[in-house]
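Basis for what follows: all heavy atoms, side chains included, without hydrogens, waters or symmetry-related copies.
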Amino acid sequence: MVIGKKNLVHTLESMDFLNMDRRTFLKAVGAVGATAFLGTYKTEIVSALEFAETKLVWLHGAECTGCSESILNGGNPDIVQAITKLNVNLAYHETLLAQQGLFVDGKPANSSELNSEILVDELIEEGNYILIVEGAIANGPHGSGRYCVIGNRPFKELFSKAAKNANAILAVGTCAAYGGINSADSAVSELTDYRGVQFTKEDGSKGMLQELGIRKPVINIPGCPAHPDWILLTLGAVILGKLRIPDDLNSALDRFGRPKVFFPPGHTVHENCPRRGYYDRGEFDTEIGGEKCLWKLGCKAPYTHSDCALRRWNGSVSMCTQAGSPCIACVEPGFPDSARPLYVEAEDKGVFLGANIDTVSKAAVGASVLAAGVHAVRRMKGDD
């Protein structure tokens, strides 16, 4: 699989992305990493083609800044290289802004926090930007949004103002996309009332945009955190006009607003998991630290839709299950409630085509040839 992917990347690198039709382009960005994609675009080419500088306003709601850390850890390209190649102006990012302000006689006249507020308000009033939201948005208590206040201003109020003037919105991370752990079931969840930009969990009627009566095109890039490639490649597709907003969104996104190229509806993490061979032989770890399939330790890979096992993390060298942690389905809209308890086997969930793990295991163990588990299930169901 790795060799095949390398060959595919080599082939795609020799092609002209700009002359690809949209469908081929989207397949290509799904197959390659950000390095191969952005390497095609030298700054000179971007300038020669007169792409207008794209302005980004990146806001933080209720979150851990893990998605910003994820993109900062994208080493090849790093964030500076990516911004340069895509001709992006990261005009506002609350945790990356250098201290700035008004100076009188060499001394700061205002606090950096106040000047940050002035800057973001000016950018919003100028308009013509892509809004990136990281973190959930508090609606509580009682619709006030004051459970998430930044600079004495409810984040809900800032988000509303920024969303109205944005050309489009990218909800980065599961918190911004679906509420994430902020919206998890608890004794206070109804009072805090945290919401995602367009969805709250799987409910598209309870996103913050709907609450505010704002209609804007949204692309969700979930994950806890989101993969740097998912963010950069989506931005690249939008900036280069290969993913036209809003015209292409219905065909390019799944029902939860995720790009299908990274979150394929018909593909799960399990299918290319490095531990897949153990699953097919019915060999499962029962304690952390082993090398076998992690299903009985609560792995949710069989019903998690993302390309983690193909793309991998940390420079494409590892992923959660490879490092010994069960997949916790962090890209799914119901996370974390739909994945809980995280490290306990999901006994009542179907794995493939309605069969449960025990059925698959028995079939796989009994087979003289170690065929892929999905094929074993199909044979049992008489589909092959």
Within this structure, what is the [atom1]-[atom2] distance for the pair [X] and [Y], rounded to the nearest 0.5 Å?
X	Y	atom1	atom2	value
Asn73	Ile79	CG	CD1	11.0 Å
Ser183	Glu190	OG	CD	12.0 Å
Asn152	Ile150	CG	CD1	11.5 Å
Asn139	Thr192	CG	OG1	10.0 Å
Arg275	Cys327	CZ	SG	12.5 Å
Leu90	Ile132	CG	CD1	7.5 Å

Classify the ring geometry between Trp58 and His60 as parallel (under 30°), tilted (30 to 60°) or perpendicular (over 60°).
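Parallel: the ring planes of Trp58 and His60 meet at under 30°.
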Stepwise side chain to side chain contact (heavy atoms under 4.5 Å, CB included) test for Leu233 and Phe262:
CA-CA 10 Å; Leu233 294 174; Phe262 308 128; 3.6 Å; yes
Can you tell me if [X] uses its side chain to pair, donor with acceptor, with the backbone of [Y] under 3.5 Å?
X	Y	answer
Thr304	Thr268	no
Tyr194	Tyr147	yes
Thr321	Pro326	no
His305	Phe263	no
Glu134	Cys67	yes
Lys156	Gly143	yes
Lys300	Gly298	yes
Ser325	Cys320	no
Ser186	Ser189	yes
Asn182	Ala62	yes

Neighbour count above 12 (heavy atom, 6.0 Å) for Lys260 NZ:
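Yes - once you tally the heavy atoms of other residues, nucleotides and ligands closer than 6.0 Å, there are more than 12.
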A quick test of your reading: do over 12 heavy atoms of other residues, nucleotides or ligands sit less than 6.0 Å from CZ of Arg215?
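At most 12 heavy atoms, drawn from other residues, nucleotides or ligands, come within 6.0 Å of this atom.
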Is there any salt bridge (Lys or Arg N to Asp or Glu O under 4.0 Å) pair reaching into residues 179-189, and which pairs are they, with sequence neighbours excluded?
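For residues 179-189: Asp185-Lys201.
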When the side chains of residues 169-178 are checked against the rest of the protein, which donor-acceptor pairs come out under 3.5 Å, sequence neighbours left out?
residue : atom : partner : partner atom : Å
Thr174  : OG1  : Gly223  : N            : 2.8
Thr174  : OG1  : Gly223  : O            : 3.4
Thr174  : OG1  : Cys330  : O            : 2.5
Tyr178  : OH   : Phe256  : O            : 2.8

Does a donor on one side chain sit under 3.5 Å from an acceptor on the other, for [X] and [Y]?
X	Y	answer
Gln322	Arg312	yes
Ser116	Glu94	no
His93	Ser68	yes

Is there side-chain contact between [X] and [Y], with heavy atoms separated by less than 4.5 Å?
X	Y	result
Tyr279	Cys273	no
Leu86	Thr54	no
Lys161	Asn165	no
Val88	Leu235	no
Pro222	Trp230	no
Asn220	Leu253	no
Val238	Ile245	yes
Leu56	Tyr129	no

In terms of side-chain geometry, is the basic nitrogen of [X] or [Y] positioned less than 4.0 Å from the acidic oxygen of its partner?
X	Y	result
Glu332	Arg258	yes
Asp121	Arg153	yes
Asp248	Lys242	no

Take His227 and Asp307, measure what side chain to side chain contact (heavy atoms under 4.5 Å, CB included) needs, and give me the verdict at the end.
CA-CA 10 Å; His227 194 295; Asp307 65 1; over 6 Å; no
Verify side-chain hydrogen bond (donor to acceptor under 3.5 Å, both in side chains) between Asp285 and Trp295, making sure each step is shown before the conclusion.
CA-CA 8 Å; Asp285 278 343; Trp295 171 264; over 6 Å; no
Identify the heavy atoms of [X] and [Y] that sit nearest to each other, and give their distance.
X	Y	answer
Asp193	Gly140	CB-N, 3.7 Å
Cys308	Trp313	SG-NE1, 3.5 Å
Gly145	Pro154	O-CB, 3.7 Å

Membership question, hydrophobic clusters at under 4.5 Å side-chain separation (ILVMFWY): are [Y] and [X] in the same one?
X	Y	value
Phe284	Leu294	no
Leu96	Ile130	yes
Ile221	Phe199	no

Side chain to side chain contact (heavy atoms under 4.5 Å, CB included) evaluation trace for Leu209 with Val218
CA-CA 10 Å; Leu209 287 179; Val218 178; 3.5 Å; yes
Show your reasoning for whether salt bridge (charged side-chain N to carboxylate O under 4.0 Å, His left out) applies to Arg195 and Glu211.
CA-CA 9 Å; Arg195 305 191 182 202; Glu211 172 72 12; 3.3 Å; yes
Taking side-chain contact (heavy atoms from CB on, under 4.5 Å) as the definition, give me every residue that meets it alongside [X], ordered by chain and number, with sequence neighbours left out.
X	result
Ser160	Lys164, Leu212, Ile214
Leu123	Lys55, Val57, Ala91, Tyr92, Leu119, Glu126
Val317	Asn314

In the hydrophobic cluster built from side-chain contacts under 4.5 Å, what are the other members alongside Phe335?
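Noted: Phe335 shares its cluster with Ile181, Ile328, Leu342, Tyr343.
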Run the side chain to side chain contact (heavy atoms under 4.5 Å, CB included) check on Ser205 and Gln210 step by step: do they pass?
CA-CA 6 Å; Ser205 69; Gln210 288 78 0; 5.7 Å; no
